Amino acid sequence: MSHPSVEDIKRNSRGLRGGIVEGLRDATTGSLSFDDQRTIKFHGSYQQDDRDLRDERRRQKLEPAHQFMIRVRAPGGVFTPQQWLKLDAIATTYANHSLRITTRQTFQFHGVVKRELKTTMQAINASLLDTISACGDVNRNVLASSNPLQSRLHAEVHEWARRLSEAFLPKTRAYYEIWLDQEKLADSGEEEDPVYGQIYLPRKFKMAVAVPPTNDVDVFANDFGLIAIVDEAGGLAGFNVTIGGGMGASHGDAATYPRVANVIGFVTPDRAIAIASAALTVQRDFGDRVERKHARFKYTIDDRGLDFIVAQMEERAGFKLEPPRPWRFDTNGDRYGWVEGEDGRWHLTLRIEAGRLADRPGAPHLSGLREIANVHRGEFRLTANQNLVVAGVPASERERIEALVRSHGLDDGSRAQTALQRDAVACVALPTCALAMAEAERYLPDFTAKLTPLLDKHGLRDAPILLRISGCPNGCSRPYLGEIALVGKAPGRYNLFLGADHRGQRVNTLHRENIVETEILDALDPLFARYAGEREHGEGFGDFLHRAGIVALPPYPTHRQISLELQ
Ligand code: SRM
Ligand code: SF4
């Protein structure tokens, strides 16, 4: 039986309701119907199954171990200690006893079974959070720089992430009816949605707000981005606008490729929402609604031409963009440890390996953060590098927080043996991700441990080389912005990419295809040796590989030009 297209499912879903209510009631299966598995994404949840158990259950002629992933909407990734405690309780009551910090500054729960899905959604709502639009063909969780050094600007920029998120929330009341039992209105299913209409966007749409000099949100990997420009008094003058970033690709399909965004101009803050709306609606109207692999804004821009898209945006916004203002990014990483903010409060950035918070032998991280949330009076900020900032700590409280960090082994960052280990990012992959071709999160500690002797051999223990691992080419850890990246091809086999910068402005290049761990280590060893011997002061590994002629810019359309413009 052939399934309806996602476009048809959206059109016939009565404002994203579909048959979810009935499907949740059906106790004969742990699964939802094909259509509802698509519709429920817009409510922030994915149906998955435990892939570690798949073969065994097949042998036993059981249906797969169906379970749901739930993703919270948290623009800019800020949570209160009270919210933290509630999310922690949800993780231990309904999910797999872990909280997963994502590369888009929010939490995912894994392992929620269908009969507890509604209760879990209600519990999330009771923590004054929701999951609306966390997945689906809509504007996704909006990123905001979490650099704690600039407290005043951070607060302002975080507010912009919230505004962008609110401005592009779907208008349907489906979420409230399905999950919170709110009454159906007379026009239920017929709500006017001036932004999304009935068929929403052709594909997901992502926005980020960055504050130079830190590109910790990888703004150039987003469909739409704002780069904060500071005025002479240190206030917000406005934003440079970026469009057309995206990471996803498919192995062996040259029509798909990662792309860094173009910087198209400058707007004052009062025009930011209008220009974001223009970008989103241009993509809504011109994006590909037939081939989902080709439906992201980056392809619309490359197919139609940047000038056409910008002209469309300016017409819809009702103004012309000003020329972009100068900016400079130094890094797309996080800065670990304590820093004092402008307001005299302290902020502690903790390295959380692959964003996974759980209680493991010798590392009771989930419990440790519960203890911290019990005494902390500031906020928690998640970073887009899957790390955590315990933010807004009065000087008098530092010692108490520090003691809890130490006693729960939460000082991963300072314990990491190499700078590479400390900054590495890996996507979830197995066992929950349906699309994973190889391990990522679970492989990260093993792989970085194998790299340590190599780095030591070449005196590179402290070299901040950026490693990113993804279990498949979709690129959820933004691997194409890694100086070294492994992209899963098959169990134990990866494509090795090299040569991004460490500022998120240049994508890397495929270096070796479909290789196993020993081949990866053998490929890196001589490159580390040359880097150690020939690098210039302050030169990053990726930059060195380009200067030494070891890698060239990738052949993707427009990429060369954008990369050169951003240098
Ligand atoms: Fe992603 C699909 C996990 C950030 C590109 N992503 C998925 C799914 C839902 C798999 C699926 O469709 O069945 C993964 C669920 C795994 C699991 O078990 O939890 C998944 N993506 C993640 C997270 C959790 C990775 C992580 O380790 O943190 C991130 C959640 C972000 C969030 O909170 O919203 C995550 N995904 C990203 C990013 C990075 C970013 O946005 O900055 C990208 C690349 C940027 C981009 O969108 O271009 C990304 N995910 C994808 C794609 C490829 C999209 C494309 O244009 O081709 C897919 C596949 C798809 O959509 O068909 C995908
Ligand atoms: Fe899954 Fe692939 Fe995304 Fe990793 S990159 S979480 S394997 S879809």
Side-chain angles (χ1 to χ4, degrees), residues 6 37-38 41 44-51 67-75 77 96 98 100-111 131 133-143 202-208 216-223 225 244-251 253 256-261 287 291-299 332 352 354-356 382-386 425-444 468-481 485-489 504 507:
V6 177
Q37 286 177 40
R38 269 81 210 147
K41 293 182 187 180
S45 181
Y46 267 71
Q47 182 172 316
Q48 305 183 317
D49 72 293
D50 187 333
R51 293 182 57 185
Q67 54 183 41
F68 290 80
M69 176 271 272
I70 304 177
R71 194 180 281 167
V72 175
R73 181 175 68 95
N96 65 352
S98 81
R100 177 57 155 71
I101 304 174
T102 74
T103 51
R104 293 195 74 77
Q105 284 184 310
T106 187
F107 284 118
Q108 279 187 185
F109 299 101
H110 289 102
T131 63
S133 276
C135 316
D137 296 342
V138 278
N139 182 36
R140 299 291 192 87
N141 200 43
V142 182
L143 302 181
R203 207 65 165 82
K204 58 180 83 169
F205 197 87
K206 297 183 172 178
M207 298 190 184
D216 55 351
V217 293
D218 271 335
V219 68
F220 299 108
N222 286 264
D223 297 273
M247 293 282 102
S250 301
H251 287 309
D253 179 357
T256 65
Y257 46 87
R259 183 187 193 279
V260 284
E291 176 51 77
R292 283 181 69 78
K293 277 189 176 178
H294 182 255
R296 293 294 293 272
F297 197 22
K298 59 183 175 181
Y299 302 122
N332 57 352
I352 307 296
R356 181 71 70 179
L382 309 187
T383 82
N385 291 309
Q386 302 171 325
V425 177
C427 74
V428 177
L430 292 159
T432 52
C433 179
L435 307 177
M437 299 170 176
E439 297 280 356
E441 178 183 325
R442 296 196 292 197
Y443 182 45
L444 182 72
R468 293 187 170 176
I469 306 182
S470 273
C472 84
N474 284 316
C476 299
S477 61
R478 299 186 290 271
Y480 310 108
L481 294 172
L486 306 187
V487 174
K489 190 94 209 272
V507 298

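Counting starts at 1 for both ligands and their atoms, in listed order. Here, residue 1 is the first one in the sequence, and each next residue gets the next number. Below, each value reflects all heavy atoms present in this structure, side chains not excepted, and no hydrogens, waters or symmetry copies. Everything quoted here is computed from the prediction, not taken from an experiment.
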- Note on the structure: Candidates Q386, Q48, M69; heavy atom nearest atom 17 (C) of ligand 1 found on Q48
- Does V428, backbone or side chain, put an N or O under 3.5 Å from an N or O of ligand 1? yes
- Would you tell me whether N96 and S98 have side-chain atoms, one donor and one acceptor, within less than 3.5 Å of each other? yes
- For ligand 1, which atoms have a heavy atom of Q108 less than 4.0 angstrom away? 17 (C), 19 (O), 24 (C), 30 (C)
- Item | Residue T106 vicinity, atoms of ligand 1 by number, heavy atom under 4.0 Å | 33 (O)
- Message: If the cut-off is 4.0 Å to any non-hydrogen atom of A426, which atoms of ligand 1 fall inside it?
- Response: 27 (O)
- Query: Given R71, R104, K204, which has its nearest heavy atom closest to atom 22 (C) of ligand 1?
  - Reply: R71
- Has R203 got any heavy atom lying under 4.0 angstrom from an atom of ligand 1? yes
- Item | For F297 against G244, the heavy-atom pair lying closest together | CD2-N, 4.3 Å
- Message: Does the residue K293 have a heavy-atom contact with ligand 1, meaning some pair of atoms that are separated by less than 4.0 Å?
- Response: no
- Message: Using a 4.0 Å cutoff against the non-hydrogen atoms of Y46, which atoms of ligand 1 qualify?
- Response: 9 (C), 11 (C), 12 (O), 13 (O)
- Item | With D50 via salt bridge (charged side-chain N to carboxylate O under 4.0 Å, His left out) - residues at least two apart | none
- Does any donor atom in the side chain of N222 or R140 lie under 3.5 Å from an acceptor atom in the other side chain? no
- Query: Is there a heavy atom in L435 that sits closer than 4.0 Å to ligand 1?
  - Reply: yes
- Does R100 have a non-hydrogen atom less than 4.0 Å from ligand 1? yes
- Taking atom 46 (C) of ligand 1 as the point of reference, which of R296, H294, Q67 owns the nearest heavy atom? R296
- Start with the C-alpha gap between R468 and D218, add the side-chain angles, then the distance that decides, and say whether salt bridge (Lys or Arg N to Asp or Glu O under 4.0 Å) holds. CA-CA 13 Å; R468 293 187 170 176; D218 271 335; 2.8 Å; yes
- Item | In the protein, N/O/S atoms that are found under 2.8 Å from atom 1 (Fe) of ligand 1, waters not counted | C476 SG
- Task: Return the set of residues passing salt bridge (charged side-chain N to carboxylate O under 4.0 Å, His left out) with R100 (not counting sequence neighbours), or none when no residue passes.
- Result: E441
- Note on the structure: Per-atom filter on ligand 1: closer than 4.0 angstrom to a heavy atom of K206 are 36 (N), 37 (C), 38 (C), 40 (C), 41 (O), 43 (C), 45 (C), 46 (C), 47 (O), 49 (C)
- Item | Per-atom contacts, ligand 1 versus G246 - under 4.0 Å to a heavy atom | 48 (O)
- Item | For atom 2 (Fe) of ligand 2, every protein N/O/S atom that sits closer than 2.8 Å, waters excluded | C472 SG
- Query: Would a 4.5 Å heavy-atom cut-off, applied to side chains only, mark D137 and K41 as touching?
  - Reply: no
- Message: For atom 48 (O) of ligand 1, what is the closest protein heavy atom, and at what distance to 0.1 Å?
- Response: M247 N, 2.7 Å
- Residue, atom name and distance, where the atom is the protein heavy atom closest to atom 14 (C) of ligand 1: C433 SG, 4.0 Å
